[in-house]
Amino acid sequence: MSIYTFKNQQHDNAQDSVIREAIAILETRYIPGVNHEVFTSPQIVKDYLRLRMAAYEREVFAVLLLDSQHRLIAYEELFFGTIDAASVYPREVVKLVLHRNAAAAIFAHNHPSGIPEPSQADKRITERLKTALATIDVAALDHFVIGHHEVVSFAERGWI
């Protein structure tokens with residue numbers, strides 16, 4: 001191993017350590033009962049999700065489960081796909097929401113390409129999920145698509 005490679009590896013390890021620490025700080029900030037900070041704006045959620053999901057090399061679909069005050073109950077990565085798709089099953093999302101007794105949900109998935117523009121398939125699954133959760137009186141608050149540097153919010157675009 002050359003000195004250059006060794007220094008780059010040390011730099012990458014230091015950056016990974018900082019990212020892990022930032023995620024831990026964000027998670028403790030939103031734990032119910034510990035803090036009362038809530039997901040009150042798309043920007044707060046974008047920051048949280050960008051740290052969690054931007055670096056994934058395959059598509060991952062996650063659900064943020066919230067209580068009635070929009071405090072985070074849990075962040076759950078449910079479905080894992082390939083470099084350009086992940087199968088999402090509304091039935092499994094409903095089961096998780098009921099199991100965790102969530103009052104609201106936020107959906108999120110990354111685009112490993114780095115480009116966060118939602119596809120037609122993203123819009124269709126969002127509608128299916130929103131409809132499924134409405135049958136059990138759970139609000140679908142937003143769906144975020146995470147790219148490398150940007151995050152798109154369906155709510156900000158008026159799509160949910």
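Counting from 1, the numbers follow the sequence of the chain as shown.
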Practice task
Please list, chain by chain and in numerical order, all residues satisfying side chain to side chain contact (heavy atoms under 4.5 Å, CB included) with Ile83, sequence neighbours excluded.
Solution key: none
Problem - CD-OH distance between Gln43 and Tyr48, expressed to the nearest 0.5 angstrom - result: 15.5 Å
Practice task
Evaluate the criterion ring-ring contact (aromatic ring centres under 6.0 Å, His included) for residue pair Phe144 and Phe107; output intermediate values, then yes/no.
Solution key: CA-CA 6 Å; Phe144 291 89; Phe107 314 120; over 10 Å; no
Problem - Partner residues of Ala134 under the side chain to side chain contact (heavy atoms under 4.5 Å, CB included) criterion, sequence neighbours left out - result: none
Problem - Separation of Ile125 CD1 from Leu129 CG (nearest 0.5 Å) - result: 4.5 Å
Handout entry: Which residues share a ring pair (Phe, Tyr, Trp, His ring centres under 6.0 Å) with Tyr56, sequence neighbours left out
Key = none
Fill in the blank from the handout: CG of Asn101 to CG of Leu65, rounded to nearest 0.5 Å, is 10.5 Å
Handout entry: Same apolar cluster (I L V M F W Y, side chains within < 4.5 Å links), Ile73/Leu98
Key = yes
Problem - side-chain hydrogen bond (donor to acceptor under 3.5 Å, both in side chains) partners of Thr82, counting only residues at least two apart - result: Asp84
Practice task
Could you pull out all residues at least two apart from Ser119 that satisfy side-chain hydrogen bond (donor to acceptor under 3.5 Å, both in side chains)?
Solution key: Asp122
Handout entry: Distance (rounded to the nearest 0.5 Å) between Ile106 CD1 and Tyr75 OH
Key = 12.0 Å
Completion exercise
Hits for side chain to side chain contact (heavy atoms under 4.5 Å, CB included) against Ala104, two or more places apart or cross-chain, chain-then-number order -> Leu66, His70, Ala139, Leu141
Fill in the blank from the handout: In short, side chain to side chain donor-acceptor pair (under 3.5 Å) pairs touching residues 125-136 with sequence neighbours left out are Thr126-His143
Problem - Those residues that, when tested against Val138, pass side chain to side chain contact (heavy atoms under 4.5 Å, CB included) (two or more places apart) - result: Val97, Leu133, Ile136
Problem - Non-hydrogen side-chain atoms of Phe154 and Pro118 separated by less than 4.5 Å - result: yes
Practice task
Could you state whether Leu49 and Phe80 fall into the same hydrophobic cluster, counting links through intermediate Ile, Leu, Val, Met, Phe, Trp or Tyr residues with side-chain heavy atoms under 4.5 angstrom apart?
Solution key: yes
Fill in the blank from the handout: For residues 94-113, the salt bridge (charged side-chain N to carboxylate O under 4.0 Å, His left out) pairs (sequence neighbours left out) are Glu76-Arg100, Glu92-Lys95
Handout entry: Over all atoms of both residues, closest heavy-atom pair of Pro116 and Gly147
Key = CB-N, 3.6 Å
Exercise for the section: Would you mind reporting whether His109 and Val145 have side-chain heavy atoms less than 4.5 Å apart? Expected result: yes
Practice task
Indicate yes or no: at least one non-hydrogen side-chain atom of Asn110 is less than 4.5 angstrom from one of Pro112.
Solution key: yes
Practice task
Flag yes if more than 12 heavy atoms outside His148 fall under 6.0 Å of its NE2 atom; otherwise flag no.
Solution key: yes
Exercise for the section: Side-chain contact test, heavy atoms from C-beta onward, threshold under 4.5 Å: evaluate it for Leu51 versus Asp47 and give yes or no. Expected result: no
Exercise for the section: Could you state whether Val152 and Val60 fall into the same hydrophobic cluster, counting links through intermediate Ile, Leu, Val, Met, Phe, Trp or Tyr residues with side-chain heavy atoms under 4.5 angstrom apart? Expected result: no
Exercise for the section: Give the minimum heavy-atom separation between Val88 and Pro90, together with the two atoms involved. Expected result: O-CD, 3.6 Å
Exercise for the section: For Arg157, check side-chain hydrogen bond (donor to acceptor under 3.5 Å, both in side chains) against everything at least two apart and list the hits. Expected result: Glu117
Exercise for the section: Rounded to the nearest 0.5 Å, what's the gap from CD1 on Ile160 to CG on Asp142? Could you check? Expected result: 6.0 Å
Handout entry: Sequence neighbours excluded - salt bridge (charged side-chain N to carboxylate O under 4.0 Å, His left out) pairs with any residue from residues 55-65
Key = none
